[in-house]
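Since the structure comes first, as C-alpha cells, the remarks are kept for the end.
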Amino acid sequence: MSSSPLPRCSFIIVNYNGLHYLHSCIESVYRLDYPHDRLDVILVDNGSQDDSLAIVEQDFPEVRCFRNHRNNFAGALNLGIQEAQGDYIAFLNNDAQLHRDWLGKLLPGFKRSPKIGAVAGKIRFLDGRINSVGHRRLRNHYWADIGYGEVDQGQYDQPQEVEGLCWAATLFQRACLQDVGEIDEEFVMYFEDVEYSKRCRDRGWSFHYIPGAIADHQVGGSSTGSVLTEYFCNRNRFLYLAKHEPEHLINALTTSVFWIEQHYDLLYDCLPVILKKLLTENDPKTVKSILPKLCQKLQKIYGARDIDKLLARLEVMLGSRKISLAIYDNSLHFIGGGQRYLATLASVLQDKFEITLISNRPVKREELEQWYGLDLSHCKIRIIPLPFFDKRGSDIIDSTWVTAETKNPFDAIALASKDYDVFINANQVTKVVPLAPISLFFCHFPDTHREAYFAADRYSFLVSNSEYTSQWIRKRWRLNPTTLLYPPVEIGPKPEPANTKPLPKENLILAVGRFEPGGMKKQQEMIQAFQRLYSAHPQTMEGWRLVLVGGSPKKNSYLQGLEKQIQQAELPVELEVNISLERLQRLYQKAALFWHLCGLEETHPERFEHFGMATVEAMQNSCIPLVFRGGGQPEIVEAGESGFLLESLDELVQLTYDLCLQPETWPPLQQAARLRGECFSRERFEEEVWQLFGPIKQEYSQVQLPDPAQMAKRPTLLRELK
C-alpha cells in the first residue's frame, strides 16, 4: 500500500437475527489488508430478537450500531448510508466473509473512469461454487446472478462491465449514491439492487466486475425464510416494471410464478403497492393507457367487486381521501348504553376516518350529540329503510323475525357496506354479510344461536364488550373474539385526583336501565323491594325515595304497568323516561345508592347484564352499587370493597337497610366505587380503540411487510429458472 493517506471506507452490515454469522463477518472486515483507522464499520439492526445487537456492542465496541425502526432491508441500507463517513461505501451481508485483499483489489477499479459507480468481485458459496459475478437480464423480465451455482473453473476470471452487482458484497463510491439518491424502500428486500442499478445506469454510472476480489457467502443470514424470499422476488419484479417499464406490466402477469401456479391470493396481496407505484412513477398519459387494461385483465380472476375494492384502497394509499368507515346500529334511534358505546367510538375515530352512522329509522346527529354529550360534528348519518320491518309498524328492528322462509331484509345493509373501506356492525345483527374490505362485528352478547343467514363468522374482527360476552361467544357461536373492548364510561365532571372528599348525597336510590317490554331490567322487582323496605322499616326509610330512569318507545305496556304498580303502592317512587343527559348527571350526583337487578331469577344468559355501563356511571359519581351477581357485573364491582353483589331480593333488602341505617359506613365505599369506576373511563377506551384501529388504518393505507409466520405456511412458489 502507498504511504499516502488511503481513502476512508465504510462497511454497512444489515442484520436481522444473524448472531450465528456476525462474528466471522465482522472479523473478516477487520482482517482486511487495510489500516483499521481508515475503516468505518456500521451495523444496522432490523429489530433482531436474538441479542445479536448487544453481543456486537460488547465484542466489537468499535462498530457503530444503529437500530432501524422497522424490518426493512432497503430502509436499513439507507440509514447506514446516511451515517457512513467513508469516501467509499460497501454493502456487506451479515453472512458473507471477505478475503484479506478484497478491498485492495477493488479500490483501483474506480481509477478506470470517474463514472464507475460500484465494483464487486467474485462471490462464492462456501463449497466454492459461484454465487454471483454480476447481474444479467433474462427473458420475460426476470433477472439472475451470472454464474449462479456453477463450479468455478476460471470461466469468470476476466474483468467485465455488468448490468448490476449482487449486494452481498459490493463497493460503491459515495458520489454515485449521492447522485442517484435513496434506495426504494417499497421493495423492502430483494430486487432493490436491480432497481437501483437501473437508476444508476440511467444517470450514466457503470458497474464493473473484478474477479480477484473474493467474498464467501453462506446465504440465509438476513432473510426470514425461503418462502418469504420467493414472495418478494415475485412481488418486486412487478414493482420494478410498474416503475420503469410499465408497458410490459400486463404481459408480465401471465409469465409470473403467481399466475402460472395460480397463487392468486399472493398476487392480490401485491396489487396495491404495484398499482400505487404505477400511478406515482408515471405520467398521466401512461397510466391512462395501462391501468384500464390491467384492471380488465385482473377482473377475469377476481371479479369487478374485488377490483373496485382495490382501486378504492389505492385512493387511500395515495392520500387522496380518508378511509371511509360505516357504523351500523339497528337501534340507533333509541337511547341506550350500546348506542352510547358506538357513538363514542365514532367520536374517537372521526378525525382520522370518514365516518357514516347507518340507521334504519330516522335519527339526527344533533339528537345523538344531545343524548350522549358527544361531538359528532364530522360524522354523517345515512338512513336505510327496511320495508320488511316498516310493514309491521314497530319501532324495533328485531332480527329474530327473519327466518329461513323469508328473504333476508338485511341484504340492503350488506349492499351498503360495499360503499366503505371499513364496515362495523355495532349491534350484533348476525344476518348482515360484510362486503367491505375490512369488517368488524361488535358483539354486546350472542343473543341468538347460529341460525338462518348467520354471518358473524365472516367479519375480519370480532369484538366483545366483556369477559362474560366472550365466554358465551365461544360457547354459543364456537368463535374466538379477536379482542375485548370494554365500553367507555364517563359521565359528569371528572374529580381532581387529589380530591378524595365524597360528593354530598341525598337519601336517594337510583336505578338506570331501559324500560324494555319484557321487563329485563327488573324495575317491577325493584319497586317490590322498595315496598318491603318501607313496610318493614318505616322509620329508617323515612325520607328515602327510589327513582327509576330509562329510555322507552312511545307505546310500552310494561311502562304503563309500572305506573299502575307505583300508584297502587303509594310509594315515593318516580319514573323518569327519556330524560336529558344533564338530568341523568344530576341524579347520579345526588344518589347515595344504586340498584341494578338485571339477571335476577333468569336462566337464559342473554337476559343477564352483558357488562353494566350504568353501574360504572353510578360508581364514577360515588354511588354505592348493589347489583345482581351475574353477567358482566362481577367484572366491575369488587364485592365488599367497591360495592355489593347479591343473588336475591332478600339480600337486596337487607343490604340496603344496613346501609341506610349506617351512613357512617359510606365514605370508604364511595371512594372505592369512584376509583374502580375510573378504570372504565373514556381515556382508557380511546387508548384501546387506537390499539385496534391504528394498525387497521396503517395496514390499509400503507404497504405492509407480510407476516413471516403466515408466509411460512404457504407452499414453495418458485421453479428454477433455466
Side-chain angles (χ1 to χ4, degrees), residues 337 466-468 486-487 489 491 500 502-513 520-537 540-541 543-550 573 587-602 607-680:
S466 68
E467 292 287 0
Y468 178 72
Y486 281 120
V489 186
I491 188 167
T500 59
L503 295 170
K505 293 295 186 179
E506 298 179 4
N507 290 346
L508 169 62
I509 301 172
L510 181 65
V512 179
M520 195 169 80
K521 299 298 184 181
K522 305 297 179 182
Q523 289 95 345
Q524 189 178 70
E525 287 79 359
M526 284 190 273
I527 294 172
Q528 292 173 4
F530 194 70
Q531 185 174 18
R532 287 174 54 184
L533 276 166
Y534 246 80
S535 298
H537 311 285
T540 302
M541 298 306 298
W544 280 87
R545 59 194 176 106
L546 171 66
V547 177
L548 304 175
V549 176
V573 178
L587 288 171
Y588 276 133
Q589 290 168 8
K590 292 178 180 179
L593 307 181
F594 178 80
W595 283 1
H596 202 76
L597 295 184
C598 183
L600 179 68
E601 297 181 351
E602 296 286 359
R607 293 185 65 84
F608 287 70
E609 190 62 65
H610 309 145
F611 173 63
M613 292 178 68
T615 300
V616 177
E617 289 174 346
M619 295 170 72
Q620 289 178 350
N621 284 272
S622 299
C623 301
I624 301 171
L626 297 93
V627 302
F628 177 69
R629 186 192 298 273
Q633 301 275 31
E635 298 174 46
I636 302 168
V637 177
E638 304 151 307
E641 295 182 23
S642 56
F644 299 93
L645 298 170
L646 50 95
E647 297 181 6
S648 67
L649 279 184
D650 290 340
E651 281 188 80
L652 176 64
V653 170
Q654 185 61 52
L655 286 168
T656 303
Y657 170 70
D658 292 341
L659 287 167
C660 293
L661 190 63
Q662 304 172 67
E664 66 276 9
T665 64
W666 295 359
L669 289 166
Q670 290 174 320
Q671 175 67 5
R674 190 173 70 180
L675 291 174
R676 179 60 180 163
E678 289 302 316
C679 295
F680 304 95

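Treat the numbers as computed from the prediction; the structure is a model and nothing was measured.
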Between [atom1] of [X] and [atom2] of [Y], what distance do you get to the nearest 0.5 Å?
X: Gln633; Y: Ser466; atom1: CD; atom2: OG; answer: 10.0 Å
X: Ile636; Y: Ser642; atom1: CD1; atom2: OG; answer: 9.5 Å
X: Leu546; Y: Gln531; atom1: CG; atom2: CD; answer: 11.5 Å
X: Leu669; Y: Cys623; atom1: CG; atom2: SG; answer: 12.5 Å
X: Arg676; Y: Glu641; atom1: CZ; atom2: CD; answer: 10.0 Å

Can you check whether [X] reaches [Y] side chain to side chain, under 4.5 Å on heavy atoms?
X: Leu593; Y: Leu510; result: no
X: Pro634; Y: Leu645; result: yes
X: Phe608; Y: Glu602; result: yes
X: Phe644; Y: Glu651; result: no
X: Leu659; Y: Leu626; result: yes
X: Lys505; Y: Gln670; result: yes

What verdict does the side chain to side chain contact (heavy atoms under 4.5 Å, CB included) test give for Trp595 and Thr656, after you've listed the backbone C-alpha separation in whole Å, the side-chain angles of each residue and the deciding distance to 0.1 Å?
CA-CA 9 Å; Trp595 283 1; Thr656 303; 3.2 Å; yes
Quick one, Arg532 with Asp650, criterion side chain to side chain contact (heavy atoms under 4.5 Å, CB included). Give me CA distance, side-chain angles, the key distance, then yes/no.
CA-CA 9 Å; Arg532 287 174 54 184; Asp650 290 340; 2.7 Å; yes
Atom of Leu600, atom of Ser648 and distance for their closest heavy-atom approach
CD1-CA, 3.9 Å
For Val489 and Gln620, which heavy atoms make the closest approach, and how far apart are they?
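The answer is O-NE2, 2.6 Å.
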Residues two or more places apart in sequence or in another chain: which of them pass side chain to side chain donor-acceptor pair (under 3.5 Å) with Gln528?
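Not a single residue meets the side chain to side chain donor-acceptor pair (under 3.5 Å) criterion with Gln528.
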All side chain to side chain donor-acceptor pair (under 3.5 Å) counterparts of Tyr468, not counting sequence neighbours
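Applying side chain to side chain donor-acceptor pair (under 3.5 Å) to Tyr468 gives none.
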Report the C-alpha separation of Val637 and Met619 in whole Å, then their side-chain angles, then the decisive distance to 0.1 Å, and conclude whether the side chain to side chain contact (heavy atoms under 4.5 Å, CB included) test is met.
CA-CA 9 Å; Val637 177; Met619 295 170 72; 4.0 Å; yes
Using 30° and 60° as the class limits, which term best fits the ring planes of Phe594 and His596: parallel, tilted or perpendicular?
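Parallel, since the angle between the ring planes stays under 30°.
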Using the six-membered ring wherever Trp is involved, compare the ring planes of Phe611 and Tyr486 and label them parallel, tilted or perpendicular (cut-offs 30° and 60°).
tilted
Within the side chain of [X], is there an N or O that forms a donor-acceptor pair under 3.5 Å with the backbone of [Y]?
X: Ser622; Y: Arg674; result: no
X: Thr540; Y: His537; result: no
X: Tyr534; Y: Met541; result: yes

Stepwise, does the side chain to side chain contact (heavy atoms under 4.5 Å, CB included) test hold for Leu597 with Leu649?
CA-CA 9 Å; Leu597 295 184; Leu649 279 184; 3.7 Å; yes
Salt-bridged, Glu506 to Arg545, with N to O below 4.0 Å?
yes
Inspect the contact between Glu609 and Lys522 and indicate whether a charged nitrogen and a carboxylate oxygen are less than 4.0 angstrom apart.
no
